[in-house]
Amino acid sequence: MIFDGIDDIPWGELTYAYDGDCDVPALVRSLLVEEEAFAAADELLNELFHQGGFVCTAAPAILPFLVEAAGSPRVPCRPAVLEIIALLAGTAAEVAPRWLAPEWPRAWTRARPGLLALLADENPAVRAAAIQALGDDGDDPDEVARALLARWPDPDVSVRTDTLLALGHLAGRLSAAVLPETLIFLREQADGPDVHHAMDAALALAKALPGRPIRPAPIIAGLTAEPVAPPHVAERVLYGLDGPGGDAVRLALLASPDRRLRAAAVSAAGDTLTRRRVPGLLTAVRGCVGGLDDPARALAILAAHARREDATDADLMAAHLDGPAAYIALWGLAWSGDDRAVPRLARLLTGRKTGFPLHTVHAERHRFWPREPSLGELLRPCAPWAGSLVPVIAPHLRPGSAGDFRRALLETLATWAATRAADVAGVVPELTALLDHDDRALAARVLGEIGPGAAPAVPGLERLLGAGDGGAAVEIAWAHFRVTGDPGPALHILGPRLGDDHHVARRLGDLGPHAAAHVPTLRLLAGSGDDWTAHEAAHALLKITGEGVHALMRPVSDLLEGRPSAVAPAAARALTGVGELSRGHLAIIRAVLADDRRHSDRGGVAAISEDLELRALLAERLRQEGGTRPARPAP
């Protein structure tokens, strides 16, 4: 009798991936009912896997019944049942032992024979699904590989593809007895007459031999041969390739006559360029913009690379200012430093809704995120146009304006004031009024960046000195010093707070030698295990005594070990104010600039823009050394 014994298991005592509020025996039996089977499989998937991350105790208990269902012709959704098994097996192969149900390994060993038998099932969809389920076998991968090799060639082309890819996936776990024959088989298929199988075998070899050069020719041939691979297949292949061989495949597809393949290659190029600098790839993206049905993603890649010192794509962006990708074109034009962006930016800032997000959202590291930057990120490089844009911004600084929009603009003004204090000083009255508002900390920050030009705000700052706690008190005390030049109130307020927050060290350091009494504490903080605390203390020491260079170099040297951090760009910026660096420090900087990895702990377009900013800062630091004039880093 099918599913015999399912009612004897105490399902209510087991854990589930979701809430476990289900009748497991009833769901499993529903797999036999044509009208209920697929819905039951979906519910079982939700209860057993949900979003992954662990294997619940219900999984090993239900596994034999799932294998039984997958082998029964009476179940109309057998591939969907095998998908559940594959997801659970994949999770079991990835998670730490503490996230794995203790009974899972034993249950999997008992389930394997039933899954192996399904490799001979008459339904090709079942055979393919069984291969997926067995692909993460960590108990006896040799047995799985031998079974796959023994059944080659399968009569179904899709199953043959899955077989080749599964062998590549299994290879890293195969024994010395099985690995050689598996690699020989894959090499033979990679050299075979069937271009699609040759591509699959080349991809399997790339998986089986990580770090080895990828053979681009069979992959290019497989993607471009008729019938041309659909975009989702091309993207999957391209995203999985790395190194020069992968770049060669992407470059070939960027020049393909097929628009769909070009679009897939653009997407994969964006992903690659978040991880590595590949100037040739960027040039190829630039060259195919006009041949895309939707140029938005390609324009976003180019916009992320746009810089004032190299406005390569300004004309290209200007040509798209009135098209469907206008917001991306404006972003690229603004970051290129092209004056044609100013009227559009002014018009954008007149309203409260700009179309750009008000908050920076961090993408997963090493993934290209083809959405626009935040409003603050868009405007940060636009300081040279502050004279034209500050009057447009001023009305939005009033207390009754939209809060999130106002705060984004205040942060922008603080950045601009560092180099355009006279222009930003035009909003000192609005900033002074905000000192009696919840945004007083941000308003004080902008006033402090303006410096002596914000003198009309002094009475308001003095009235608030020492009042309140946290960031506002620190920013007001610092702003008072920056505007008046009087260190007394700031020393009195900031000194006792040193160590509470790394921002205090940043502000105290700006007092220079006036803060000499706090040097011992700052030396202790510079050795902190917290990156920001150590950095701000070291930077403060640099400004007060001239010491602290070694601590500032630490996050820069970490880049060579593949450990980027949010502190690294700040450290590079601080190093531009250092006197003479040692030969060792200069060698580290040169090595970082020569390293093509993206030096950023963020993903998406930020990985590109932050890496380029850091490189520009380090290159400037080298230029400060006599006789050292490195070429501008390639994007």
Side-chain angles (χ1 to χ4, degrees), residues 85-87 89-95 108 112 115-116 119 127-154 156-223 225 229 233-250 252-253 268 271-272 275-276 366 562:
I85 298 173
L87 289 169
T91 303
E94 293 175 355
V95 299
W108 179 258
R112 186 189 303 103
L115 294 171
L116 289 169
L119 295 177
R127 298 198 299 274
I131 291 171
Q132 295 295 321
L134 289 162
D136 282 304
D137 190 297
D139 188 39
D140 194 349
D142 283 3
E143 183 181 13
V144 176
R146 286 193 181 103
L148 293 175
L149 291 170
R151 290 205 51 79
W152 183 268
D154 192 277
D156 185 85
V157 63
S158 296
V159 178
R160 293 199 295 273
T161 292
D162 290 336
T163 298
L164 292 168
L165 296 178
L167 287 169
H169 187 63
L170 286 164
R173 286 168 278 140
L174 297 179
S175 71
V178 178
L179 179 59
E181 64 176 302
T182 302
L183 294 178
I184 291 171
F185 168 78
L186 290 175
R187 289 192 178 103
E188 289 173 348
Q189 296 304 313
D191 292 327
D194 187 308
V195 292
H196 293 104
H197 288 162
M199 176 184 73
D200 296 331
L203 293 172
L205 283 169
K207 183 76 172 178
L209 301 168
R212 300 282 186 91
I214 296 170
R215 294 176 57 190
I219 300 174
I220 295 169
L223 290 173
V233 172
E235 282 196 23
R236 174 179 58 79
V237 171
L238 291 170
Y239 271 71
L241 299 174
D242 205 359
D247 293 339
V249 176
R250 283 180 279 275
L253 265 62
D271 177 70
T272 298
R275 292 178 279 116
R276 295 184 289 116
H366 297 333

Pairwise distance CG(L253) to CD(E235) - rounded to 0.5 angstrom: 11.0 Å

Closest non-hydrogen atom pair between A201 and A190, with its separation: CB-N, 3.5 Å

Single hit among D136, L164, I131 for side-chain contact (heavy atoms from CB on, under 4.5 Å) with H169: D136

Between CG on residue L223 and NE2 on residue H196, distance to nearest 0.5 Å: 8.0 Å

Pair R215 + D191: basic N to acidic O under 4.0 Å: yes

Gap between atom CZ of R160 and atom CZ of R127 - 0.5 Å precision: 10.0 Å

Distance-only donor-acceptor check, side chains T163 and R151, under 3.5 Å: no

Salt-bridge contact D139-R112 (side-chain N to carboxylate O under 4.0 Å): yes

Side-chain touch V159/L119, heavy atoms, less than 4.5 angstrom: no

Validation row: Q132, D162 side chains within 4.5 angstrom (heavy atoms): yes

Note, L134 side chain near L148 side chain (heavy atom, < 4.5 Å): no

The single option from L167, L186, D200 passing side-chain contact (heavy atoms from CB on, under 4.5 Å) against L205: L186

Minimum-distance pair of heavy atoms, taken over all atoms of G135 and R173: O-NH2, 2.9 Å

V178 side chain reached by L170 side chain, heavy atoms, under 4.5 Å: no

Contact check, side chains of W108 and L115, non-hydrogen atoms, under 4.5 Å: yes

Close side-chain approach of R250 and D247, heavy atoms under 4.5 Å: yes

4.5 Å side-chain heavy-atom contact, M199 and L203: yes

S175 backbone acceptor or donor facing D142 side chain under 3.5 Å: yes

Any E143 side-chain heavy atom under 4.5 Å of D137 side chain: no

R276 with D242: basic N within carboxylate O range, under 4.0 Å: yes

